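The structure under discussion appears below in the form of structure tokens.
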Amino acid sequence: MTPEIITSRDNSLLRQVRAVRDGRVDDLIFVEGMRLCEEALTAGIKIHVVVFSDEIAQKEKPAELIAKLSTVCDRLINVNEKLLAYVSFSKTAQGILLLASRPDASEGQLSSKQTETSLIVIMHRITNPVNVGAILRTAEATGVTGTIATENATDPFSPKALRGAMGAAFRLPVWCRPSYAQALDWCAARGIKTVCADLHAQKNYTEFDWTGPCALILGPETAGLSHAEIAAADDAVRIPMREPVESLNVSVATGVLLYEAARQRGRDFR
């Protein structure tokens with residue numbers, strides 16, 4: 001495909017790119033940088049628009065990627081560095097970005113991946129996209145079956161969350177925007193035991209049996225889950241820590257808990 005060359009900031013396509021970047025277009029996602037664009041291509045996500053700079057197109061590996069993307073995208077746009085900075089999400093433009101169809105984030109695609117030993121991660125009211133991205137990355141690394149981001153959580157497909165997930169969001173099933181009650185009901189209907197991460201839980205996380213079907217529920221970064229939310233789950237566990245430390249970052253806590261689950265399940269890591 002011969003690239004279309006854009007030289008004016010007034011072009012409607014560049015305005016659309018910014019709209020997608022800012023989360024104002026529901027059915028498209030904004031993907032920026034060589035690594036993430038490669039991940040999107042490999043995942044087979046429908047790619048509509050690819051935007052790249054003059055400078056990056058002169059380099060061997062980016063040029064190879066652009067050539068591959070040109071065979072699957074609808075539009076290929078070549079812009080100068082100034083215009084790329086205008087539409088970039090990063091403080092320093094990454095040289096290439098694309099607009100793609102939003103991956104299926106429905107309950108149906110998550111249900112289709114369930115097994116007799118499902119391990120689910122429920123992100124409830126987690127609003128920091130960096131944490132959401134890190135949780136998705138850790139979830140994939142530890143063999144999680146799928147994830148749920150409730151209606152009060154940040155969008156796992158936002159630019160900052162995608163960057164933190166490093167491609168995991170393209171591969172790991174994610175069900176977006178059910179209510180907390182819907183997520184728990186979904187687990188109950190499938191015999192999946194729900195367990196909260198709670199600072200005040202009586203049970204240590206190593207004392208919980210992670211080998212059966214279960215769902216780890218993680219609450220917001222500041223106050224954590226409410227008493228009512230904890231009571232609605234089947235169980236709760238805590239991560240012991242030395243004083244005066246009272247809590248861990250939610251993505252770090254996720255790593256501790258999921259690697260214990262993986263250890264109990266006998267995951268074979270390379």
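No experiment lies behind these values; they were computed from the predicted model shown.
The shortest side-chain heavy-atom distance between Tyr86 and Val79 does not fall under the 4.5 Å cut-off. Between Leu28 and Gln16 there is a side-chain heavy-atom pair separated by less than 4.5 Å. Using a 4.5 Å heavy-atom threshold, the side chains of Leu13 and Val51 count as separate. Side-chain contact check for Asn152 versus Tyr180: every heavy-atom pair is 4.5 Å or farther apart. Looking at Leu258 and Leu119, their side chains come closer than 4.5 Å, going by heavy atoms from C-beta outward. Under the 4.5 Å side-chain criterion, counting only non-hydrogen atoms from C-beta, Leu216 is in contact with Trp210. No side-chain heavy atom of Asp198 sits less than 4.5 Å from a side-chain heavy atom of Arg238. Side chains of Leu65 and Lys61 form no contact here, defined as non-hydrogen atoms less than 4.5 Å apart.
Distance CD1/Ile122 to OG1/Thr147: 10.0 Å, rounded to 0.5 Å. Rounding to the nearest 0.5 Å gives a distance of 8.5 Å between CD1 of Ile217 and NE2 of His124. Rounding to the nearest 0.5 Å gives a distance of 11.5 Å between CG of Leu218 and CD1 of Ile148. Atom CZ of residue Arg265 and atom SG of residue Cys214 lie 5.0 Å apart, to the nearest 0.5 angstrom. Taken to the nearest 0.5 Å, the CD1 atom of Ile135 stands 4.0 Å off from the OG1 atom of Thr254. If you take CD1 on Ile45 and CG on Asp104, they are separated by 11.0 Å, rounding to the nearest 0.5 Å.
Between Ile192 and Asp234, the shortest heavy-atom distance links the atoms O-OD2, 4.1 Å. The shortest heavy-atom contact between Thr194 and Cys187 is CG2-CB, 3.8 Å. Smallest separation of non-hydrogen atoms from Pro240 and Asn204: CG-ND2, 3.3 Å. The heavy-atom pair separating Thr117 from Thr211 by the smallest distance is CG2-O, 4.0 Å. The minimum heavy-atom distance linking Gln182 with Ser179 is given by the pair OE1-N, 2.8 Å. Scanning both residues, Ile56 and Gln94, for their nearest heavy atoms gives CD1-O, 3.7 Å.
Remark: Glu116 CD is loosely packed, at most 12 non-hydrogen atoms of other residues, nucleotides or ligands lying under 6.0 Å away. Heavy atoms of other residues, nucleotides or ligands lying less than 6.0 angstrom from CZ of Arg177 number 12 at most. In the displayed structure, Lys46 atom NZ is contacted under 6.0 Å by more than 12 heavy atoms of other residues, nucleotides or ligands.
A donor-acceptor pair under 3.5 Å is absent between the side-chain atoms of Ser88 and the main chain of Leu84, judged by distance alone. Between the Asn128 side chain and the Val130 main chain, a donor and an acceptor come within less than 3.5 Å of each other. Formation of a donor-acceptor pair under 3.5 Å by the Arg18 side chain with backbone atoms of Leu14 is not found in this model. A donor-acceptor contact shorter than 3.5 Å links the side chain of Thr71 to the backbone of Lys68.
No hydrogens or angles considered: a donor-acceptor pair under 3.5 Å links the side chains of Ser251 and Asn249. Judged by distance alone, the side chains of Glu107 and Ser111 do bring a donor and an acceptor atom under 3.5 Å apart.
Taken together through direct or relayed side-chain contacts under 4.5 Å among Ile, Leu, Val, Met, Phe, Trp and Tyr, Val237 and Leu199 form parts of separate hydrophobic clusters. In the hydrophobic clustering of ILVMFWY residues, with side-chain heavy atoms under 4.5 Å counting as a link, Leu257 and Val132 come out together. Cluster membership check: Val250 shares its hydrophobic cluster with Leu136, using side-chain heavy-atom separations under 4.5 Å among Ile, Leu, Val, Met, Phe, Trp and Tyr. In terms of hydrophobic clustering, with Ile, Leu, Val, Met, Phe, Trp and Tyr side chains grouped at heavy-atom distances under 4.5 Å, Leu98 and Phe157 are assigned to a common cluster. Under a hydrophobic clustering in which Ile, Leu, Val, Met, Phe, Trp and Tyr are joined whenever their side-chain heavy atoms come within less than 4.5 Å, directly or via other members, Tyr259 and Ile120 fall into different clusters.
In this structure, Arg263 pairs ionically with Glu260, as a charged nitrogen and a carboxylate oxygen lie closer than 4.0 Å.
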For residues 165-175, which side-chain N or O atoms pair as donor and acceptor with protein atoms under 3.5 Å away, sequence neighbours left out?
residue	atom	partner	partner atom	Å
Arg171	NE	Glu140	OE1	3.4
Arg171	NE	Glu140	OE2	2.6
Arg171	NH1	Glu39	OE1	2.6
Arg171	NH1	Gly167	O	3.4
Arg171	NH2	Glu140	OE1	2.9

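Tyr205 is linked by a ring pair (Phe, Tyr, Trp, His ring centres under 6.0 Å) to nothing, counting only residues two or more places apart in sequence or in another chain.
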**OP:** Run the numbers on Arg190 and Ser118 for side-chain contact (heavy atoms from CB on, under 4.5 Å), then give the verdict.
**Re:** CA-CA 10 Å; Arg190 289 159 180 79; Ser118 289; over 6 Å; no
